[in-house]
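In what follows, a single structure is set out as structure tokens and then discussed.
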Amino acid sequence: MGILRFIVSISLLPVCVIVTISFYNGIFTIKDVSESGLYFILGALLYSVMHLLLFRLDFLYVFGHESMHAISTVFSGGKASNMKVSNKGGSVKTTTPNFFVMLAPYLIPVYTVIIAILYFILSFFIDITKYSSIFILLIGFTLMFHLAYTAESIRKRQSDLIKTGYLSSISFIYIVNIVIVFFIVSLLFRGVSFIDFISSIYVKTKYFYWSFWKQLFL
């Protein structure tokens, strides 16, 4: 398993670079910032200022983190129990501690997903468009919340990441989070195409590994 994790880790590094380049190129296709985009940026900035200068939401993060372990366990066909949460950390017992269960909190911005689901549900009962700017601001706020704590978890070398292979885990987390961020950006900013972004990653990755393979074996 150690050798396999090492191979996977090395294989993912070029993908990280390709995803970063594609993200950079995609962001610079933004033609103008819409009102929705401004609210998204404002939400992200508000959380950044709060996190760095005012106060932190440690308990809320730990609760979301352990909840994602539990939810992903259920989706994996297992059972979760004895969830404990505090400002300093938390835990939950799971019967299926697989790769997805361990990394789910770092991959899925749980509060952003909750905001999106809430918006969808409320749209059936009220004219939710009147409050769309508030929801978009909350999307930016919760997404930055997720990214900030995920970065801290990686820096602290959380046990989940060690168990799944530290280098391969952070590479996979980085790729998934960049894709999620770009997807949300593509919904809020004109001129940004998520399809083009994914296509760029696919083409560049395919070209890199094909060239690498030719150099070694052909």
Side-chain angles (χ1 to χ4, degrees), residues 1-9 12 16 43-44 46-48 50-122 124-125 134-135 137-181 183-184:
M1 286 299 294
I3 295 174
L4 179 60
R5 286 175 180 171
F6 177 76
I7 293 172
V8 171
S9 302
L12 284 175
C16 290
L46 281 175
Y47 179 76
S48 299
M50 189 184 77
H51 185 89
L52 294 172
L53 302 177
L54 301 176
F55 60 91
R56 295 161 58 90
L57 301 174
D58 292 343
F59 182 86
L60 200 61
Y61 172 73
V62 174
F63 178 78
H65 183 100
E66 301 304 334
S67 296
M68 278 310 307
H69 278 313
I71 293 169
S72 58
T73 297
V74 173
F75 275 99
S76 299
K79 295 181 180 180
S81 60
N82 291 346
M83 190 170 82
K84 298 177 182 179
V85 178
S86 71
N87 286 332
K88 295 182 180 180
S91 63
V92 61
K93 291 184 179 179
T94 62
T95 57
T96 54
N98 55 43
F99 183 83
F100 172 63
V101 170
M102 290 184 180
L103 295 189
Y106 310 102
L107 303 176
I108 303 171
V110 58
Y111 293 111
T112 305
V113 172
I114 291 172
I115 294 297
I117 292 174
L118 182 63
Y119 183 89
F120 177 74
I121 293 173
L122 288 176
F124 288 100
F125 303 99
I134 297 174
F135 278 94
L137 184 144
L138 289 174
I139 290 291
F141 186 93
T142 54
L143 183 61
M144 184 56 70
F145 168 77
H146 166 75
L147 295 174
Y149 275 100
T150 297
E152 285 194 5
S153 297
I154 290 172
R155 183 173 59 84
K156 293 177 181 177
R157 298 175 68 91
Q158 291 281 11
S159 59
D160 297 330
L161 307 180
I162 302 298
K163 291 176 183 176
T164 54
Y166 185 69
L167 184 56
S168 58
S169 294
I170 62 174
S171 297
F172 188 69
I173 290 168
Y174 177 80
I175 293 167
V176 172
N177 277 279
I178 288 292
V179 170
I180 290 173
V181 170
F183 175 71
I184 294 174

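- No more than 12 heavy atoms of other residues, nucleotides or ligands shown are found within 6.0 angstrom of CZ on F63.
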Residue pair H146, N177: steps toward the side chain to side chain contact (heavy atoms under 4.5 Å, CB included) verdict: CA-CA 10 Å; H146 166 75; N177 277 279; 2.7 Å; yes

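- Of the N and O atoms on the side chains of S67 and Y111, not one donor lies less than 3.5 Å from an acceptor on the other residue.
- Counting only residues at least two apart or in different chains, salt bridge (Lys or Arg N to Asp or Glu O under 4.0 Å) contacts with residues 78-88 are absent.
- Between the side chain of H69 and the main chain of V92, no donor-acceptor pair closer than 3.5 Å is present.
- Side chain of S168 to main chain of S9: no donor-acceptor pair is present (N/O by atom type, distance under 3.5 Å, no hydrogens or angles).
- In this structure, the side chain to side chain donor-acceptor pair (under 3.5 Å) partners of Y106, at least two apart in sequence or on a different chain, are D160.
- Nearest heavy-atom pair, S48 versus A44, reported as atom, atom and distance to 0.1 Å: OG-O, 2.9 Å.
- Looking at Y166, its side chain does come within 3.5 Å of a backbone N or O of I154 through a donor-acceptor pair.
- Counting only residues at least two apart or in different chains, salt bridge (Lys or Arg N to Asp or Glu O under 4.0 Å) contacts with residues 50-73 comprise R56-D58, R56-E152.
- Within a 6.0 Å radius of CZ in F183, no more than 12 heavy atoms belonging to other residues, nucleotides or ligands are found.
- Proximity of a side-chain donor or acceptor of T112 to a complementary backbone N or O of L143 within less than 3.5 Å is detected.
- No close placement of the F141 and F145 rings is indicated, their centers lying 6.0 Å or farther apart.
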